[in-house]
Number of protein chains: 2
Amino acid sequence: MSAENMFSHKRLPSMDTKSKILNAAEAAIVKGGYGAFSFRDIAEEVGIKSASVHYHYPTKADLVVAVMVRFTHDFQAALPDPNTPDFDAKRTLNAFIDGFRAQNVEHHNMSICTMLTADKHQLSDVVSQSLADFYQVKLDWLTSVFKRLEGGTETAAQNRAGQFIAALHGASVLVQATGEPAWYEKVASSWRQPAD
Amino acid sequence: MSAENMFSHKRLPSMDTKSKILNAAEAAIVKGGYGAFSFRDIAEEVGIKSASVHYHYPTKADLVVAVMVRFTHDFQAALPDPNTPDFDAKRTLNAFIDGFRAQNVEHHNMSICTMLTADKHQLSDVVSQSLADFYQVKLDWLTSVFKRLEGGTETAAQNRAGQFIAALHGASVLVQATGEPAWYEKVASSWRQPAD
DNA sequence: TTACACCTATCAAGTGATAGGTAGTCTCTC
DNA sequence: GAGAGACTACCTATCACTTGATAGGTGTAA
């Protein structure tokens, strides 16, 4: 999978109900977090009744876990493998920066993981775990990328991965809070890799 | 005001009702955001009835704006002036990093501004504005600090301020999401200033 | 006939907000 | 200095509404 496709795992308009529910829930979480959407909101978006949403996902925790599991899976599937000979670390990192902006900043949103993290105190353990799992996947992959990019120890690469994630997430907070999308590039620019 | 006191604007235990309400609301927002607390929660915390909270702050928007206005005011009052001769930029920046950790990370919370930013889609305009105002105060001050610290153009210092804020906020997201407080220092370490 | 995917109807709990009452205190006037 | 009025800071009670969740019915397809 090419680096440009990392964030472009779009869904087709016509899908089964379960997927439509997950799509609606994912969009709702991105927009307002865990507490800001209801089963009725999701139901209306999908075109069914709220009881039918409960049929597919009995509780809200079930629903949100399912969203995070799918999100993590799709995210992971879209990432190029840093352990292949033709892996281009610089291009991949730049593509990641662009992808993050395209998915979050340009849609005037924060990432689904930042939103759920903010709501962590009201999440059940299963949901918290699915969130932590996603961050682990992301951190592990970025650690490999930075190891390819800069060499050094595992710990050093891990720290760089954390700093990188923090920068992008923090940048999207800044954009949201100030309403000035330009902040994203100002923050991300220090992480952009020059072309060979 | 010394750099060490930037984040230590603590309230005394006995205060008037209005302040108690603001204290309770601030703590509640930090814990769960805009949607995760009710007038009844605040009332119980303060020891009055919910109608009495409405007496002091008619609507939820009024209450949250008051919280942010007080927070911004106290924050601003606690910042040392970067335009004095004896201003120590290095020490101030390190103290800021420590203060941010003490107030947020060590309490297993994210900052009140990150929380409200995540809820931005459900905030009324006045609340959004009070949030944006706070970020402006913070960015302006940090811009001055970085100008003292590194020199360069206004724009360069502004970018550095944004990168710095993003790093700290992103770090606290990472800490919350993973449950590993160590991430804060790993991210913040790259911003720490060596002693003279 | 059985499983599936929906539905209607309803529940108890919690929400922000309002109306209107009450005790205490302050201030002005005679 | 006593009484009247107004103001303050609470209260009880209630409103309309939304929430997550459940029970139980309906149609359809294998």
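Below, chains carry the letters A, B, ... as their sequence lines are ordered, and counting in each starts from 1.
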At 4.0 Å (heavy atoms only), tell me whether B:S38 reaches a base, stays on the sugar-phosphate, or touches nothing.
sugar-phosphate
Taking only the side-chain nitrogens and oxygens of B:T17, find out if one of them lies under 4.0 Å from OP1 or OP2 of D:dC10.
yes
Under 3.5 Å, is there a donor-acceptor pair linking the side chains of A:D140 and A:T143?
no
May I have the distance from A:L123 (atom CG) to D:dG20 (atom P), rounded to whole angstrom?
14 Å
Rounding to a whole Å, what distance do you find between B:I48:CD1 and D:dA9:P?
11 Å
To the nearest Å, give me how far apart CZ (A:F39) and P (C:dA13) are.
19 Å
Would you say the side-chain atoms of A:S19 and A:D16 include a donor-acceptor pair closer than 3.5 Å?
yes
To the nearest Å, give me how far apart CD1 (B:I42) and C1' (C:dA17) are.
16 Å
Tell me, yes or no, whether the heavy-atom count around A:E106 atom CD, taken from other residues, nucleotides or ligands under 6.0 Å, exceeds 12.
yes
A:Q122 CD to C:dG14 P: how many Å, rounded?
15 Å
Spell out, yes or no, whether B:Y55 and B:V64 are grouped together once hydrophobic residues are joined by side-chain heavy atoms under 4.5 Å, including indirect joins.
no
Just checking, any donor-acceptor pair under 3.5 angstrom between side chains of B:D133 and B:S130?
no
Would you please confirm or rule out a distance under 4.0 Å between OP1 or OP2 of D:dC11 and any side-chain N or O of B:S52?
yes
Tell me which residues in residues 53-61 of chain B put a heavy atom below 4.0 Å from DNA chain D, sorted by number, or none.
B:Y55, B:H56
Does the side chain of B:T117 pick up a donor-acceptor pair with the side chain of B:T114 at under 3.5 Å?
no
Which angle, to the nearest 10 degrees, lies between the helix axes at the two ends of the helix from C:dT1-D:dA30 to C:dC30-D:dG1, each defined by five pairs?
10°
Measure the distance from NZ on B:K49 to C1' on C:dA19 and round it to the nearest whole Å.
18 Å
Parallel, tilted or perpendicular for A:F146 and A:F164, by the 30°/60° rule?
perpendicular
Taking the minimum atom-to-atom distance to the side chain of B:A51, which one of C:dA17, D:dT12, C:dC6 wins?
D:dT12
Would you kindly say whether B:H56 and B:D62 are connected by a side-chain donor-acceptor distance under 3.5 Å?
no
Could you tell me whether the side chain of A:R40 has a donor or acceptor atom within less than 3.5 Å of a complementary atom in the base of D:dG20?
yes
Determine, for A:K20 against A:E45, whether the closest basic-nitrogen to carboxylate-oxygen distance falls under 4.0 angstrom.
no
